[in-house]
Structures are given as structure tokens and as C-alpha cells.
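Heads up: the structure comes next, in C-alpha cells.
Numbers restart at 1 for each chain; the letters A, B, ... are given by sequence-line order, proteins then strands. Only a predicted model underlies this, so the values are computations on that prediction, with no experimental measurement involved. Both backbone and side-chain heavy atoms feed into the values below; hydrogens, waters and symmetry mates do not.
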Protein chains: 2
Amino acid sequence: METLALPPQATQVGLAVDVAAFAMHGGELQVLLVQRGELPHARDWALPGGFVHPGEDLHEAALRELRTETSVTLEPRHLEQFYTFGAPGRDPRGRIVSVAHLAVLAHGTVDVTGGGHTLGAGWFPAHRPPALAFDHAAILARALGRLRVRLDYAHLALEFLPDTFTLPELQRVHEAILDRPLDKRNFRKRLLAQGLLVPSGERRSGVGRPAQLYRRAKGAKAAAL
Amino acid sequence: METLALPPQATQVGLAVDVAAFAMHGGELQVLLVQRGELPHARDWALPGGFVHPGEDLHEAALRELRTETSVTLEPRHLEQFYTFGAPGRDPRGRIVSVAHLAVLAHGTVDVTGGGHTLGAGWFPAHRPPALAFDHAAILARALGRLRVRLDYAHLALEFLPDTFTLPELQRVHEAILDRPLDKRNFRKRLLAQGLLVPSGERRSGVGRPAQLYRRAKGAKAAAL
DNA sequence: CAGGGCAAGTGTCTCCATGACACGAACTGT
DNA sequence: ACAGTTCGTGTCATGGAGACACTTGCCCTG
């Protein structure tokens, strides 16, 4: 291919990624936030994110920001771009366009300590977040909508759980994302009918009758939109 | 708000929009393409698009490019962003990120003559396009997928038609987008059950029995994803 | 070790949406 | 008036979704 200069009318903008990363803790859907250490919006909570490096893919950039800003070392179970926010006034530093990503972290991803330019990181209830910097409240709202759509559609709920899990646990993931209760029998019927789950051993849950453990069937992956 | 400089690590990239604009002509789904007049890819067909101006919203930029590159003066009936393409090597001129948009143009938008830096513009069968510049074949493929999803979901088919239309015409829009035939009786049943269509006068279509004309019901708009 | 507490697990019925399927009705042009 | 062409219509079978209550199995306490 030819090597050519950018034409003069090519507006140069700052290119950023922001990541709405979700996980289940304590039966609730939580979102990962960082406390900003720099202006603008210093000390405010925000979605982890930052500028894309030269030569770096958008996907890679989202992964890197997730890792460096939150000390999350695990690979996210799911990561996809879902919307690009580019309104002229959205960042006081100038024209910055942010490609927003949705991430799902496996169960057990609890310890987050912050890093990079942040003062810290933490989990917050996804449906009732604190005040957020920039337009991150709008980004989070749209991420939740996307998560809900993906639920039925791409079996995303399984990504929130460890390799082996019980049906009531899986049901709680669905309920947390949809933010409404589901009927136990109908839920089991529907999920088992899809043939994605295979039973294994058994386990006790402290109180009550022990629940059957399941594992995801081998040949089970879903298509992207 | 504060006014601050961009931090040094903020990669500057060229910000572009590309538009996959669809319309129905001759019972087929068509996509609007322009013939490039400049390097790279001079004389190749491409989706209309170009660089976002400073201070311009992404949505506005998509509208402007559609108008100036194709002499389409009509407001599109639908315009939404659907994916952002930002792989480092996608444009030989440097790092250029393109926010791809999906547009639906009303029936009757036929005369396109090109403009701006193009050699011309024209309609092409959306499911069998010619070879395209850059990664525009991938953009078009994803646009078609999105169009299919939006069909059931946001009543997008109506936007392809004039204010008043017949049910067979509407069915042809669905068939063109889904690229498969539909059963006439089931289609009518389903669409009329939604209560979005109201009948009006009648009209003859040259040959065959005249078809009932419909208009969209007043209080009918759908939500975005 | 008996009984209470607690969560897991299970089946039926109804309702609605979808898809398969064939013929008569209304108009045009020759 | 006849042929050609397109519009318009109903039934049945099937499958998925949602409402709904009781029994099972384990733990803990007395």
C-alpha cells in the first residue's frame, strides 16, 4: 500500500477507551470504578480508561487500561466495544473520542487496588452507581442496556461464574442483570432445555439442601452481533 | 469547567465517519457508494465518509458527508452509529479511526451524482457489492447484520417506504433485508397485530388486484438499543 | 437422635406467537 | 369475455413462556 500524509482537513482528536467492567459480588451486579488522581475531575469516580497508544488496537487498549488502572490481572471473560462517545464538549481538555467497551470479569475478581494515575479502585452497585466524571453515567447506562440484550442472546451470564456453579447461582446472575426476580422452575426449564449445561458432582451450601453443580457444555460459544 | 491541555500520551488520530446508506429500488436492497477521486484507492468504490470537522458531532458529520459526497438532499429517515473501526493498519495514511453509521433513505431517493472529492455515486445491490476500498467490505457486512436486527425490533422497514404504502410493498422490504422469502399470510397477520398500521384509500398497481394502502399509526416510535 | 429450619428441586396447564398451507377476489389489457 | 396477474383471507399444529405449591435433603439445635 502507498504511504501518504493525512490530508489537512483530517481533524486530529484524542482517542481513548473506557471500560465498563462488571462482576457479581454478594448476589449483586457490580461495576468497577477508579478514583481519578488527576485533573479534570480529580478525586471523582470514573470508569477505567485512557488513551490508546500508537499502533495499538482498540481491544488491546481496553485490556491494558483495565489491567493497569485496576490491578485486575485476570483476562476478562468477555470484552466488546459497544458505543463511541464523541460529542465535542464531553471532555474539557479538548476533542477526545472514547470507544466504550463492555467487560465481564469472572467471579472471584475481588481485590482491586488501583494503579497508574488513580487513587484507588473499587466495586459499586451497577444499578445505583455514585456520581461519575465526564459523561460516564451515560456510558454506564448504555453498557447496562447492552448487557441485558446480550444475556439471552450470547449466554453471557455464564461468564460471570466459575467453571462449576449451581443453577440458583446462575439464576441470581440473570436476576441481577435484569434487576427483577425470575421464577425458579421456568428458569431451570429454559436453561436446561438449551443443552449448554452438564451436571457433575454435588456440593453443600452451608444451609439448606445441597445444589447440583453444573459445568458448561464443551461445544458452546455464541456469535457476536 | 477547567480548560486543560491534552496530556502528552494522548495519541492523536484522524477521526472519520463512514455511512452505509440503504434504500429500496426495484424490489432490491441497495447501498449507496461513491467512487473515490483521490489516493489512496482512487477510482475504487467506497462508502461515503470523511473526516469529522472540529467542533462537529459524529451524527452531524455523518449527515454532512452523506449530503456532500452524494448530492442526497433528503434527511435520512434513520441514522445511527453502529461500530467503530480503529485497527492500526486500516488506512495507509496513518492512524484513522472511523465511526461507522447506518442510514436509511426514503423511497424515491434515486438521483445521486457524486460531489466533493468523488468521481461519482451510485446504488449497488447491498448483498452483492463490488470490491470496496479500505475495510469497507467488513463495514458493509456489519451494517447489514445490524439492519437485520433492527428490523423486527425498531420497525425500521417503514422508513424505507413513502408515507403511504401497501402491505406487499412492506413485505418486499423485509424480504430484501432478510434476503429470504416470507409467507404472505403470516406476514400480514404479524404486522397488523402490532397495531402500527392504519388503512386509508385504495390504489391500483397497473396489473392485478389493487392493494389496500396503509399509513403508519401516529404514536409509533421505537427505542434505541 | 428427633425435630425444625432452610434452600433445592420438580410438573402441569394455559396462553400466545410462529409457521405451514390453498383458494377466491378484483382489476387490466387484449 | 377471457386470460393474466396480484391482492387478500383462515385454520391447525407446534413450541416457548409464564403462573403456580409441595416435597426432598441436609444442617443445626435442643
Could you work out, with side chain to side chain contact (heavy atoms under 4.5 Å, CB included) as the rule, every residue matching [X], not counting sequence neighbours?
{"X": "B/A126", "answer": "B/F22, B/L29, B/V31, B/L144"}
{"X": "B/T166", "answer": "B/P168, B/E169, B/A211, B/L213"}
{"X": "A/P88", "answer": "A/R95, B/D57"}
{"X": "B/L182", "answer": "B/Q171, B/H174, B/E175, B/L178, B/R180, B/F187"}

Set of ring pair (Phe, Tyr, Trp, His ring centres under 6.0 Å) partners for A/F85, sequence neighbours left out: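 Listed in chain order: A/Y83.
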Salt bridge A/R216-A/E159, side-chain N to carboxylate O under 4.0 Å: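 A salt bridge is present here (some side-chain N lies under 4.0 Å from a carboxylate O).
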[X]: what forms a salt bridge (Lys or Arg N to Asp or Glu O under 4.0 Å) with it, not counting sequence neighbours?
{"X": "B/D183", "value": "none"}
{"X": "A/D44", "value": "none"}
{"X": "A/R64", "value": "A/E56"}

B/S/- contact track for nucleotides 13-22 of chain D, protein heavy atom under 4.0 Å: ----SBBBB-
Length of the CZ-C1' vector between A/R209 and D/dC26, whole Å: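 To the nearest whole Å, that distance equals 9 Å.
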Outermost DNA chain C nucleotides near chain B [under 4.0 Å, heavy atoms]: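 Answer, 5' to 3': C/dT18 to C/dT28.
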Side chain to side chain donor-acceptor pair (under 3.5 Å) against A/K189, all qualifying residues, sequence neighbours excluded: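 Expected list: A/N186.
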Any residue of residues 161-172 of chain A with a heavy atom less than 4.0 Å from an atom of DNA chain D: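 DNA chain D contact set from residues 161-172 of chain A: none.
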A/G208 vs A/L213, nearer the 5' end of DNA chain C by closest nucleotide: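 Looking at DNA chain C, the more 5' nearest nucleotide goes with A/G208.
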